[in-house]
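The block underneath contains the structure these notes are about, expressed in structure tokens.
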Amino acid sequence: MLSIPHKNKIFGLVDANNFYASCEIAFNPKLKSSPVVVLSNNDGCVISRSPEAKQLGIKMGQPLFEIQDLVKKYNVKVFSSNFPLYADMSYRFHETLNLFFPKIEVYSVDESFIDLTDLKKFDLTLYCTYVRNTILQWLKIPSCIGIGKTKTLAKLANKYAKLHPELGGVYNSLGKEEELLKNMPIEEVWGIGNKISAFLKEKNIFTPYDLIQQNDYWIRKHLKITGLRMVHELRGIPCHELESYNPQKKNTVVSRSFGIAITSIEDLEKILMTFIEKLSEKLTKQKQYATYIGVFIKSNPFNKKEPYYSNYQIKKLSTPSNSIRILYHNANIILKNIYKQNIKYKKMGVMALDLISQSSLQRDLFDINNYEKEEQRNETILKLMDYYNQSGKSKIQFAKNIQLPQNTWYPKQYHLSKRYTTDINEIPIAYV
DNA sequence: TCTGGGGTCCTAGGACCC
DNA sequence: TCTGGGGTCCTAGGACCC
């Protein structure tokens, strides 16, 4: 079905500006108005930039080594990613929105869609400006809010607000759709990436307004069903509802680039155990079992001197599971299959695929006893690990003797800030 | 020297069946 | 000599998102 029945709904999108960089600045007010960047894992690429860093021409996804000169010359403040801090700030951000809006859909770490339909008796621009300023005051995180007839228009309005700071962070596109569509570049539309925008420009389609003039047949043919839905949304016909419920994950992945290259299978097996622990922990938290387990390994794709090798395989588990023991056993078989000697591996990952919820599992009657035993066993192990690890004194791990010490392979984090909000030893201190 | 991690949805095309 | 056709299911890979 292409569109859903609707009665003039109003959607909003709240999106924090440069979220990770803003989090760092929030706890370090001295950084305000300096260029700030946050790096990906392994201190690899830039994944968040303050406005000042953007002005220096630092690109999203740019590797750190390419901007070293700029960093020195302009004293750019560089941070490794501090995900515990960002996750906690994200929680506060969405909780704040919950106070002001009847229905929100948490779309990502720094974005929520909001349902404004029942608030239309208010001046929406005024109301949203008030919310935006409250977030700024409470969290020290700047954000923008876009308002529109559909999610796609709300998204676009949000970008418009970001591009026009003089609007004060809020743009209401209701009744001004044509103006919005004519004044945004095509690549800013939600659902149009590199490939499609290049294709459209070749066809002389430069703005969303140009795009909605095309006929449905042409759009369906070239942009497929997803593209047609997107165009309908741009025309003001909603195809996507606000989804407030917590959707079940279908897959879950744990993967890391290594700080140094790893060659021996013994070392990879040890790291694999660390990954499987994390994976089992995630599945347990999500109350899900994996139907398939997959493993991939790859060498450094940027190293032109060494041959690039990448391989992956998946394997069906005899019965869906979240158990470290079972996941590891199967993942290890795969690893042995795809491992090739004399390769300098730079990244590995494990994937749990086709997840099913624990409650919906149709259990084999004859297997049920074993099942519950395995599950209890795994839960006990995880709880014990958690207990000891939380205590902070020593770190215990599953089958410690077979794990590789973290300092030998762990991703680099040379520029880490403190866990200001989630670790009692690292909370900020106010001097009065 | 140094290049992230975690997701979703869709489709083309192969395998297989009758 | 003529060499079907339609359906389903599965999977790899592409494109997108943050």
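All figures in this text were calculated on a predicted structure; none of them were measured in a lab. In the text below, chain A, chain B and the rest are named by the order of the sequence lines, each starting its count at 1.
- In terms of phosphate contacts, K250(A) brings a side-chain nitrogen or oxygen within less than 4.0 Å of OP1 or OP2 of dC9(B).
- Taking the P atoms as reference points, dC18(C) lies 25 Å from dT3(B), given to the whole Å.
- Of all nucleotides listed (dT3(B), dC16(C), dG7(B)), dG7(B) comes nearest to the side chain of K249(A).
- Side-chain proximity of K155(A) to the nucleotides dC18(C), dC10(B), dC16(C) is greatest for dC18(C).
- Of the candidates dT11(B), dC17(C), dC9(B), the closest approach to any side-chain atom of I225(A) belongs to dT11(B).
- No engagement by D43(A) is indicated, since no non-hydrogen atom pair under 4.0 Å with the nucleic acid exists.
- The side chain of R256(A) sits closest to dG5(B) out of dA15(C), dG5(B), dT3(B).
- Rounding to whole angstrom units, CE of residue M348(A) and P of dG4(B) are separated by 16 Å.
- In this structure, CD of Q62(A) is placed 17 Å from P of dC2(B), rounded to the nearest angstrom.
- Distance L279(A) CG to dG5(B) P: 15 Å, rounded to the nearest Å.
- For Y74(A), the OH atom is loosely surrounded, since the number of other residues' heavy atoms within 6.0 Å does not exceed 12.
- In this model, the phosphate group of dT8(B) is approached by a side-chain N or O of N251(A) to a distance below 4.0 Å at OP1 or OP2.
- Of the residues near DNA chain B, T226(A) and I47(A), the one whose nearest nucleotide (by heavy atom distance) lies more toward the 5' end is I47(A).
- Within the 4.0 Å cut-off from OP1 or OP2 of dC16(C), not a single side-chain nitrogen or oxygen of R229(A) is found.
- V109(A) comes within 4.0 angstrom of nothing in the nucleic acid, heavy atoms only.
- Among the nucleotides dG5(B), dC17(C), dC10(B), the one closest to any side-chain atom of S257(A) is dG5(B).
- Side-chain atoms of M348(A) and L268(A), non-hydrogen and from C-beta on, do get closer than 4.5 Å to each other.
- Counting non-hydrogen atoms under 4.0 angstrom, S81(A) reaches nothing in the nucleic acid.
- Distances shown here put a side-chain N or O of K347(A) below 4.0 Å from the OP1 or OP2 atom of dG5(B).
- Residue L39(A) is out of contact with every strand shown, counting any heavy-atom pair closer than 4.0 Å.
- When rounded to the nearest whole Å, the span between OH of Y308(A) and P of dT3(B) equals 13 Å.
- Atom CG in L283(A) sits about 14 Å away from atom C1' in dG6(B), given to the nearest Å.
- For NE2 of H222(A), the number of neighbouring non-hydrogen atoms (other residues, nucleotides, ligands) closer than 6.0 Å is greater than 12.
- When the nucleotides dG5(B), dT3(B), dC9(B) are ranked by their closest atom to the side chain of F302(A), dT3(B) comes out on top.
- Within the 4.5 Å cutoff, no side-chain heavy atoms of F79(A) are placed close to those of Y20(A).
- Separating the CE atom of M351(A) from the C1' atom of dT8(B) is a distance of 15 Å, rounded to the nearest angstrom.
- Using a 4.0 Å heavy-atom cutoff across all strands shown, V189(A) reaches sugar-phosphate atoms only and no base atom.
- With a 3.5 Å ceiling on both atom-pair distances, the Watson-Crick or G-U wobble partner of dC18(B) is dG5(C).
- Dashed line: the shortest gap from a side-chain N or O of N300(A) to OP1 or OP2 of dT3(B) is under 4.0 Å.
- One interatomic measurement links the two molecules: CG of L353(A) to P of dA12(C), which rounds to 10 Å at whole-angstrom precision.
- The shortest non-hydrogen separation linking I219(A) to L211(A) is CD1-O, 4.2 Å.
- Aromatic pair F93(A)/W138(A): ring centres not closer than 6.0 Å.
- Comparing dT3(B), dA12(C), dT11(B) by their nearest atom to the side chain of Y312(A) picks out dA12(C).
- Nearest nucleotide to the side chain of K346(A), out of dT3(B), dC18(C), dG6(B): dT3(B).
- You'll find that the side chain of K195(A) is closest to dC16(C), out of dT3(B), dC16(C), dG7(B).
- Put simply, CH2 on W190(A) is 12 Å from P on dC9(B), counting in whole angstrom units.
- Here E111(A) lies in heavy-atom contact (under 4.0 Å) with sugar-phosphate atoms only.
- Aromatic ring centres of F113(A) and W190(A): separated by under 6.0 Å.
- The side chain of S255(A) lies closest to dG6(B), out of dG6(B), dC18(C), dA15(C).
- Projected onto DNA chain B by closest heavy-atom contact, C45(A) and Q286(A) fall at different nucleotides, the more 5' of which corresponds to C45(A).
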